[in-house]
Amino acid sequence: MAACLRLWRPRLGPRLCAALSSAPRQHGGIRNIILNDPKKRNALSLATLRSLRDDILREADSTDLRVIIISAEGPVFSSGHDLKELSSKQDTKHHAEVFETCAEVMTLLQKLPVPVIAQVNGLATAAGCQLVASCDIAVASEKSRFATPGVNIGLFCSTPAVAVGRSLPRKVALEMLFTGEPISAQEALLHGLLSRVVPEDKLEEETMKIARKICETSKSVVALGKATFYKQMAQDLEAAYRMTSQVMVDNLALKDGQEGIEAFIQKRKPVWSHTVDRAYK
């Protein structure tokens with residue numbers, strides 16, 4: 001693992017441990033990946049991107065892993081790419097590898113079977129803003145700001161625009177991209193880049209509330225729902241309803257789908273299997 005990333009296991013008891021240890025009690029856990037290179041403004045160097053990819057993929061299908069939280073040390077969540085890697089000292093092949101790896105990581109976040117939460121406490125710019133926009137949920141402190149300032153140094157934020165343009169209204173995204181000016185956390189919340197904005201001293205607590213709530217659900221059902229959500233968003237209305245109607249039928253056929261309904265009817269807490277086993281054909 002690169003030095004700029006570290007993994008932290010929250011002290012939340014065996015039910016909410018991070019799913020990185022081999023300890024058998026760490027089930028239904030939360031993995032917290034921390035960008036930990038504040039002197040370099042948590043830049044997403046090629047090494048950092050590779051390490052981030054490895055950390056989010058590790059045992060992703062294990063039932064011990066339920067949620068991933070990405071946070072950062074220091075006043076900057078991430079300043080984006082390491083510009084030293086994008087200078088003429090590196091060749092075109094290296095430049096292409098940086099952007100291809102970044103695109104792979106951002107796409108991977110939405111393909112993972114577990115929800116990914118960005119916990120932002122500070123400035124997120126360029127690919128750092130892209131990382132926030134690519135996560136399923138984003139919680140930020142009131143002091144956080146977001147920008148795509150590449151245009152000001154002659155490198156338009158075209159790849160960050162993919163995620164930002166899918167999270168924000170077009171005209172808001174384009175103003176950010178054309179001017180490079182930052183928006184506040186409240187503006188980011190208003191326009192859909194963030195899920196919620198909280199006081200800085202409540203940031204971790206509020207993020208963990210969301211993570212804990214997710215941990216109470218069936219991993220297999222959440223995985224199915226997450227994959228379906230992103231698929232249907234890319235379809236027209238009729239196609240989306242056709243596809244999701246079949247997914248609802250498939251969901252009902254799952255053991256956990258029937259367990260949840262039976263538990264509701266019987267007024268008890270469900271006991272999830274977290275598997276894709278079917279209750280019936």
Side-chain angles (χ1 to χ4, degrees), residues 1-9 18 20 31-60 68-112 116-136 138 140-141 144-167 176-177 180 182 188 193:
M1 187 185 304
C4 53
L5 286 173
R6 69 184 177 91
L7 291 155
W8 169 71
R9 184 171 66 196
L20 297 176
R31 179 179 300 170
N32 196 322
I33 301 172
I34 303 173
L35 301 174
N36 192 32
D37 194 9
K39 290 183 178 180
K40 292 188 176 180
R41 296 162 62 88
N42 293 315
L44 297 178
S45 65
L46 183 56
T48 300
L49 288 167
R50 287 171 173 166
S51 186
L52 182 58
R53 178 184 60 195
D54 292 345
D55 288 340
I56 62 180
L57 279 175
R58 184 178 292 116
E59 299 179 3
I68 293 174
I69 298 173
I70 301 176
S71 59
E73 296 282 3
V76 177
F77 176 78
S78 176
S79 59
H81 293 295
D82 184 344
L83 295 182
K84 290 181 180 179
E85 293 187 338
L86 305 182
S87 71
S88 59
K89 292 181 180 180
Q90 300 287 349
D91 60 18
T92 300
K93 183 179 179 181
H94 181 82
H95 295 166
E97 186 176 9
V98 169
F99 293 117
E100 288 168 2
T101 305
C102 183
E104 180 187 0
V105 170
M106 301 302 170
T107 304
L108 181 62
L109 293 173
Q110 295 183 0
K111 291 182 177 179
L112 285 172
V116 183
I117 305 173
Q119 180 182 301
V120 187
N121 188 30
L123 183 65
T125 64
C129 186
Q130 179 184 4
L131 178 57
V132 176
S134 298
C135 290
D136 303 307
S141 66
S144 299
R145 294 185 300 154
F146 306 85
T148 51
V151 68
N152 295 322
I153 60 167
L155 183 64
F156 198 87
C157 285
S158 293
T159 47
V162 175
V164 173
R166 284 163 169 74
S167 296
M176 290 179 66
L177 291 162
L193 181 62

(message) Quick check for you: to the nearest 0.5 Å, what is the distance between R31 atom CZ and E59 atom CD?
(response) 6.5 Å
(request) Report the distance from atom OG1 of T101 to atom CG of L44, rounding to the nearest 0.5 Å. (result) 11.5 Å
(message) Please evaluate residues S45 and T48 with respect to the criterion side chain to side chain donor-acceptor pair (under 3.5 Å), reporting the C-alpha separation (whole Å), side-chain torsions for both, the decisive distance (0.1 Å), and the verdict.
(response) CA-CA 5 Å; S45 65; T48 300; 2.9 Å; yes
(request) Using modelled atom types only, decide if a donor and an acceptor are shared between the side chain of S87 and the backbone of K84 within a distance under 3.5 Å. (result) yes
(request) Can you see which heavy atom on M176 is nearest to which on A147, and at what distance? (result) CE-CA, 3.9 Å
(message) As an exercise, state the distance from SG of C157 to CG of N152, rounded to the nearest 0.5 Å.
(response) 9.0 Å
(message) Less than 4.5 Å apart, side chain to side chain, heavy atoms only: is that true for V98 and L86?
(response) yes
(request) Step by step, work out the side-chain contact (heavy atoms from CB on, under 4.5 Å) result for I33 and L52. (result) CA-CA 8 Å; I33 301 172; L52 182 58; 3.9 Å; yes
(message) Please give me the minimum heavy-atom distance between V132 and A124, naming the atom from each residue.
(response) CG2-CB, 4.1 Å
(message) For the NE2 atom of H94 and the NZ atom of K89, what is their distance to the nearest 0.5 Å?
(response) 13.0 Å
(request) Mind listing the closest non-hydrogen atom pair of S79 and A126 along with its distance? (result) O-CB, 4.1 Å
(message) Could you walk me through whether F77 and I70 satisfy the side-chain contact (heavy atoms from CB on, under 4.5 Å) test, starting with their C-alpha distance in whole Å, then the side-chain angles of each, then the deciding distance to 0.1 Å, before giving a yes or no?
(response) CA-CA 10 Å; F77 176 78; I70 301 176; 4.2 Å; yes
(request) Please round to the nearest 0.5 Å and tell me the distance separating atom NZ of K111 and atom CD1 of I56. (result) 11.5 Å
(request) Carefully, step by step, assess R53 and L108 under the rule side-chain contact (heavy atoms from CB on, under 4.5 Å). (result) CA-CA 8 Å; R53 178 184 60 195; L108 181 62; 4.1 Å; yes
(message) Can you tell me how far apart CG (N121) and OG (S141) are? Round to the nearest 0.5 Å.
(response) 3.5 Å
(message) Minimum heavy-atom separation for S144 and G122, please, with both atom names.
(response) OG-N, 3.0 Å
(message) Do T125 and F146 have side chains that approach each other closer than 4.5 Å (heavy atoms only, starting at C-beta)?
(response) no
(request) For Q130 and C102, run side-chain contact (heavy atoms from CB on, under 4.5 Å): C-alpha distance rounded to whole Å, both residues' side-chain angles, the deciding distance at 0.1 Å, then the answer. (result) CA-CA 10 Å; Q130 179 184 4; C102 183; 3.8 Å; yes
(message) Can you give me the closest heavy-atom contact between P38 and N42, atom names plus distance?
(response) N-OD1, 3.5 Å
(message) Taking R50 first and then E97, would you say they form a salt bridge - that is, a charged N and a carboxylate O separated by under 4.0 Å?
(response) yes
(message) Tell me the closest heavy-atom pair linking L49 and H81, and the distance in Å.
(response) CD1-CE1, 4.3 Å
(request) State whether the side chain of S51 and the backbone N or O of A47 hold a donor-acceptor pair below 3.5 Å, judged by distance alone. (result) no
(request) Answer with yes or no whether the side chains of N32 and S71 bring together a donor and an acceptor at under 3.5 Å. (result) yes
